[in-house]
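In what follows, a structure is listed as C-alpha cells, so that the remarks can point back to it.
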Amino acid sequence: MTSFLQYTIFGIILGAGFAIAATGLVVTYTTAGVFNFAHGAVGMIAAFSYWELVANHHVPAVLALVIILLVGAPIAGALVERVLMRRLHGATAERPIMVTLGLLVILTGVATIVWSPKSQYQLNPIVSGSFRLVSINLQYQQVLTIGIAVALVIGLRFLFSSTRTGVGLRAVVDDPALLAMSGASPDAMSQYGWILGFVMAALAGVLLALTQEQTGISIVAMTLLVVNGYAAAIVGRLKNISVTFIAAIVIGLLEDYIIYYALPHLSQSLNSDITLALPMVFLFIALVMLPSVRLRAVGRLSTVRVPRMPSGKESVLGGAAFLVLAVIASVVLSSVVVRGTNLLNLGGEVMALGIVGLSLVLLTGYSGQVSLCQFSFMGIGAFLMGKVAGGGSLLGLLAAALVCAVLGALVALPTLRLRALYFALATFAFADAVDQGFFQDSRVFGGGINVGRIILPGLSFGGDRSEFLLLSVFFVLVALLVLTIRRSLFGRRLVAMSDSPAAYATVGLNLAATKVAVFAIAAAMAGVAGGLYATVNGTVGSADFGFFSGIIFVLFVTVWSIRTVSGAFLAAVTYVVLTTFWSTGLGLVAGAGIILIGRAASGILGIDRLSTLLPLPWVRRGSAAGGSGTLAGIGTTSIGGEARVAG
Amino acid sequence: MSPVDDPRLPSELNGGDLPALTVSQVSVSFGGVSALTNVSLVVAPGTVTGLIGPNGAGKTTLFNVISGLQEPDRGAVHFFDIDVTMMKPYRRARLGLARTFQLLELFGTLTAGENVQVGLESTLKWWQWSHLRKALWRTNGSESAPGDPTAVDALAASDPLAMTTPDRLLAEVGLEGMAYEQANAMPTGLARTVELARGLAIGPKLLLLDEPGSGLDEAESQALGTLLVRLASTGMAVLLVEHDMELVMRICDRIHVLDFGHVIATGSPEAIRSDPAVQTAYLGTGSAPGGTR
Ligand SMILES: Nc1ncnc2c1ncn2[C@@H]1O[C@H](COP(=O)(O)OP(=O)(O)OP(=O)(O)O)[C@@H](O)[C@H]1O
Ligand SMILES: [Mg+2]
C-alpha cells in the first residue's frame, strides 16, 4: 500500500511536469496557431543549461532559474517568433511544421556538440529535505513541482478568461478579424504566445530533469520526456487548458503504474522497449481518439508556383542521361576511397536514399501529407531484406514493399481523417515508437545484420561498381514511376486533394481512399529503398534509420524541393555527404536550411531570387516565395500558416 | 459536343414531376446562434431557381447542408427520391449533385484544364491500366493539347461516357484556350468559371452555384445567364445564389428569399420584387432586390 501511494505521488509529479509542458504547447498553439515540434527540445536545452549553471559553474539554483526562465527562454521565444515564424504567415500549412522540426534538430544538434552524450549529467534537487505524510516520504522538491504546476494552470486560466491580454491572445487564432477590430496586433499576441510557450517548456524541462535524479539527464531522453506533454495537449484538443492538465496527470500516473507494475513481469529487453516507446504510444492513442476533421470550404488559395512537369519523353531522356553519367562515374571513381568507404558505395547509399526522397515527393510534394516516418519503413525494409530468404534476395525486396504497404495503410487508416498537423504528429509518434521500441531492441538489428548483395539469376552484384549501377537503375525507375503517377489521373487527384479537400469531395472523390492509397504506395517505396540501402554495405544497424535522422532527411528534401525528382536526389547527396564528413552537423545544416528557405514552397530549386532566402525582416520578400495569394478584389488575412480569403 | 447534350444529363427526368431537390424543415445553429431555421424549399428539374437574401442570411450554410459539408441539426434533404441527409459529400456528388463555392475552392496548383479533368474522370478508377499508360507519354499532366486528337480519343475510348473533354467544357463556359493556365494565377471571375466547368464535368443533375456572378463583368455575366438557362433547358436543376439582382430576376423561374435563416418568401421574380417582406429585409441592409443594377 505504501509503495502504491509512493508510486502515485511519483506519477503525479511526473504528470505535473508533463502538464507544464503541455499547457505551454497549448498556449503557443492558441495564440500563434503553430504547434511547436521543438517544444521538447527547448525543455531539454533548459535542463542542460540548468545543469551547466548549477552543477558546472556553481551558480545558486535560484539565480540559475531566473537566468533560464526569465531571461534566456523569453528572449529565445521572442527571437524565434520574430525571425523564424513571422515570415511564415501565408505559407503552406506544412511549413510551420517543417520549421519547428528544423528548430528541433538544431537544438538537439547544438546540445550534442556542447554537452557530449558520453558524460554524465547529474542534478541535485533545488530544495533538499523531505517530510513524512501519513506513511510516505515526500521531498520538498516534489511538493514544489506539483505546486508550480497547479499555480501555473490556475494562473493561465485566469489570464485567458479574465484579462484583456488573455482574451486578445485567444482571439488571434479564433478570429483574426475580431482581434484587428479590438486594436491589438496579432503579431504582438503571437509573440506573447511564443514567449510564454518557451518559458513553460523551459520550466517543464528543468522540473522534469530534477525527477531524473538517479539516472541523470540525456539529450534524447529529456527531449522525449517533454513529448509526454504532447499527448496531453492533444487530449485537450490544443485549446482546453484544464482538460490538458488533467490528461497530463493521468498520463503521468499511467506511465508510472505501467513502469512499476506491468513491466517487471515482462522480459528485460521488452521492458526497456516499452518504457521508451510509451510516450509516443500515448500520443498515437490520443490522436486516434480525436474526432475527424470536418470537411469544409476554407476559401484558401495559395499562389504556390509549381515547377513545370517534364513530359514523358523528357523524363525518359533525363533518366537515360542520368544513367550514362552513373556509368561514367562508376568507371572514373571506382577506386576512390573516402573515409574508409569506397565512393561508389556512398553513391549507392545516395541512390537508395534518393528513393526515400521520391516517396516524399509523392506523399508530401504532390498530395500535401507530411510524413515523418519514411525512415521507419526504410528500416523495416532493410530488416526484411536481411531476414527473408537468407538476405540479398529479390524476395526480400518484394517482402519489404508488401509489408511496408500494409503497415503504411494501417498507420494511415486511423489517422488520415485527421487534419494535416495531427497526421504529421501521428507519423512523428509512429516513427519514434518504431525506433525506440523495435529498431533499438538488441534482437532486431543488434550490432548490425548481414544482408549481402543482391543476387539475380546469372548476374552478380558483388562488385561495388555493379551494385552502384543497379541502384542507379532502381532510382531512375522509381523516379520515372513517380513522374508517371503525377501525369496520371491518380497524380491529378493527389494534387487536387491537397489543394482543396472540400472541392475534392464535392466532385465525387473519396478522400480517405486516396490518402490510404498514396500513403501505402509511399511506404512501399521507402521499404524497397531500405532493402536496397541494406545491400550497399552488406550490413545495416539501427543507427541507419534513427528517428532524428528521418526528420533531418525530410527537411533536406523540403529544403531542396519536395516537388521534384532533383530535390529528392540532391537531398540524398547532401545527407550522405554530411553523414560521411560531419555527422554532428547534420541537424544543424538541415535546420538552418529550412529556416533560410522559410516560406519558399518549392525549396531552393524553386527560388529565382536569392534575397528571398535571407531571414532578415527588412529584406523584401520576393515573388517566388510562394504563400498566400491576393486574388483580384479579395482581401486575405492569414494566420498560423493558413491563408484565409475573406469575402 | 457541348455538356448540354452530354448523354449523362438527365433529359429523361424532364417530364417527371419529382423535384430534383427537396429541403425539408432544415435547421442549423452554430454555438447557439441559429443560421437556418426550419428551411424548406424545392428545386424542380429543368429550372433555374434563385436563392437570395442579405449577407449572413444563411445561403451558403444551406448549400453546405445540401452538399454534405454541414450536418443539419434537424430536417432532411432529398435528392429526387433519395434521402441524402446523412450521406457523405462524395456520394452525393456521385449521384449527380455538383456545386461551386462562394470563396474559391479550386485545385490551385493544377491547370484550368486539369481542374475540369479531375471532374470528368471522377467516376474512373485510378488503378485501371489505360490511364497509367496514357500518363507515360503525356506532357505536363494536362489533357489534350489543341490539335492532339489522340488524347481525346483515348479518353473517349477508355470510358464511353467521357465524351466531353476539358477543352470542350472550358470552351462551353467561355474559357477557350485557357486549359494551360495554372488555376490560382487566374483572375477571380475566370477562376469562378473554371469552378463552374469543373462542376459541370461530373455531369450533374442538380447544380448549386454560390455567387458565380461576382467578379464577372457585364458581358460575362450576360453569358453566364444564357449558359444557365441553356443548362436548365436540358433538364438540369440549377439553384443559384447571387447578389446580382438583375441577373437573378432575368433568368430565374422561381425565387426563394432567406432572411436570418428563415424563408420569408417564395415565388416568381415579379412576385418577389413586389413582396413587402422582402423589401423590408433588403431595406434593412440597405440594398433592394432588383434595384438600380
Ligand atoms: N462555420 C460557422 N461557424 C459559425 N458561424 C457560422 C459558420 N458559418 C456560417 N456562420 C454564420 O451563419 C450565418 C449564415 O452564414 P452564411 O455564410 O450561410 O450566409 P450567406 O447568406 O451565405 O451570406 P453571404 O451573402 O455573406 O454569403 C452567419 O451569421 C454566419 O456568421
Ligand atoms: Mg454566402
Side-chain angles (χ1 to χ4, degrees), chain A residues 294-306 308-316 366 368 480-481 483-514 517 563 601 629 631-634 644-647, chain B residues 60 64 67-71 88-95 97-110 114-115 117-119 121-128 131-132 134-142 182-189 191 195 198-199 201-202 211 214-215:
Chain A
R294 268 217 5 250
L295 203 53
R296 63 193 185 97
V298 289
R300 184 178 69 218
L301 261 195
S302 72
T303 55
V304 169
R305 269 202 258 139
V306 288
R308 197 187 71 87
M309 274 295 296
S311 71
K313 225 172 288 175
E314 285 166 341
S315 318
V316 171
Y366 297 161
L480 289 178
L481 173 72
L483 289 171
T484 303
I485 288 178
R486 171 61 189 83
R487 278 190 298 268
S488 74
L489 160 143
F490 187 55
R492 280 188 287 281
R493 285 192 187 165
L494 294 182
V495 179
M497 167 178 90
S498 149
D499 282 350
S500 172
Y504 192 79
T506 51
V507 295
L509 294 168
N510 184 353
L511 276 161
T514 316
R563 289 160 197 264
L631 287 158
I634 292 187
R644 270 175 251 165
V645 180
Chain B
T60 300
N64 287 343
S67 59
L69 297 184
Q70 173 70 50
E71 204 174 290
K88 290 228 159 89
Y90 79 93
R91 293 206 176 277
R92 302 185 198 209
R94 286 181 185 177
L95 290 177
L97 195 159
R99 73 168 286 182
T100 68
F101 294 86
Q102 179 176 5
L103 304 175
L104 290 168
E105 286 287 335
L106 276 170
F107 305 137
T109 59
L110 292 179
E114 286 176 310
N115 266 273
Q117 199 178 356
V118 170
E121 299 164 333
S122 60
T123 52
L124 306 184
K125 298 283 179 264
W126 61 266
W127 56 84
Q128 284 166 2
H131 314 300
L132 281 181
K134 269 186 295 155
L136 277 173
W137 290 100
R138 184 78 37 71
T139 41
N140 201 24
S142 175
Q182 191 178 313
N184 63 13
M186 298 175 91
T188 322
E195 260 199 12
R198 183 181 67 194
I202 71 168
E211 304 198 11
S214 74

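Every chain is numbered from 1, with letters handed out A, B, ... down the list of sequences. In what follows, every heavy atom counts, from backbone to side chain, and hydrogens, waters and symmetry copies are set aside.
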Evaluate A:Leu511 against B:Lys88 for side chain to side chain contact (heavy atoms under 4.5 Å, CB included), listing each step before the verdict. CA-CA 11 Å; A:Leu511 276 161; B:Lys88 290 228 159 89; over 6 Å; no
Nearest-0.5 Å distance that lies between atom [atom1] in [X] and atom [atom2] in [Y]:
X        : Y        : atom1 : atom2 : result
B:Glu114 : A:Arg493 : CD    : CZ    : 13.0 Å
A:Leu489 : B:Ser122 : CG    : OG    : 9.5 Å
B:Glu195 : A:Thr506 : CD    : OG1   : 8.0 Å

Partner residues of B:Gln70 under the side-chain hydrogen bond (donor to acceptor under 3.5 Å, both in side chains) criterion, sequence neighbours left out: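 Result, side-chain hydrogen bond (donor to acceptor under 3.5 Å, both in side chains) vs B:Gln70: A:Arg294.
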Over all atoms of both residues, closest heavy-atom pair of B:Gly119 and A:Val507: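 Nearest heavy atoms, B:Gly119 then A:Val507: CA-CB, 4.5 Å.
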Atom of A:Ser500, atom of B:Phe107 and distance for their closest heavy-atom approach: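 Distance-wise, the nearest heavy atoms are O-CE2, 3.6 Å.
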Segment of B:Leu95 engaging chain A (4.5 angstrom heavy-atom cut-off):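 Neither part, no heavy atoms under 4.5 Å.
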Counting only heavy atoms from other residues, nucleotides and ligands, does the tally under 6.0 Å from CZ of B:Arg94 exceed 12?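 Buried by this count: over 12 neighbours within 6.0 Å.
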Against A:Asp499, only a single residue in B:Thr109, B:Asn115, B:Leu106, B:Val118 fulfils side chain to side chain contact (heavy atoms under 4.5 Å, CB included); can you say which?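 That would be B:Thr109; it is the only one of B:Thr109, B:Asn115, B:Leu106, B:Val118 passing the side chain to side chain contact (heavy atoms under 4.5 Å, CB included) with A:Asp499.
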Between A:Ala496, A:Ala502, A:Ala505, the one whose heavy-atom pairs under 4.5 Å with chain B are most numerous: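 Among the listed options, the one with the most contacts to chain B is A:Ala496.
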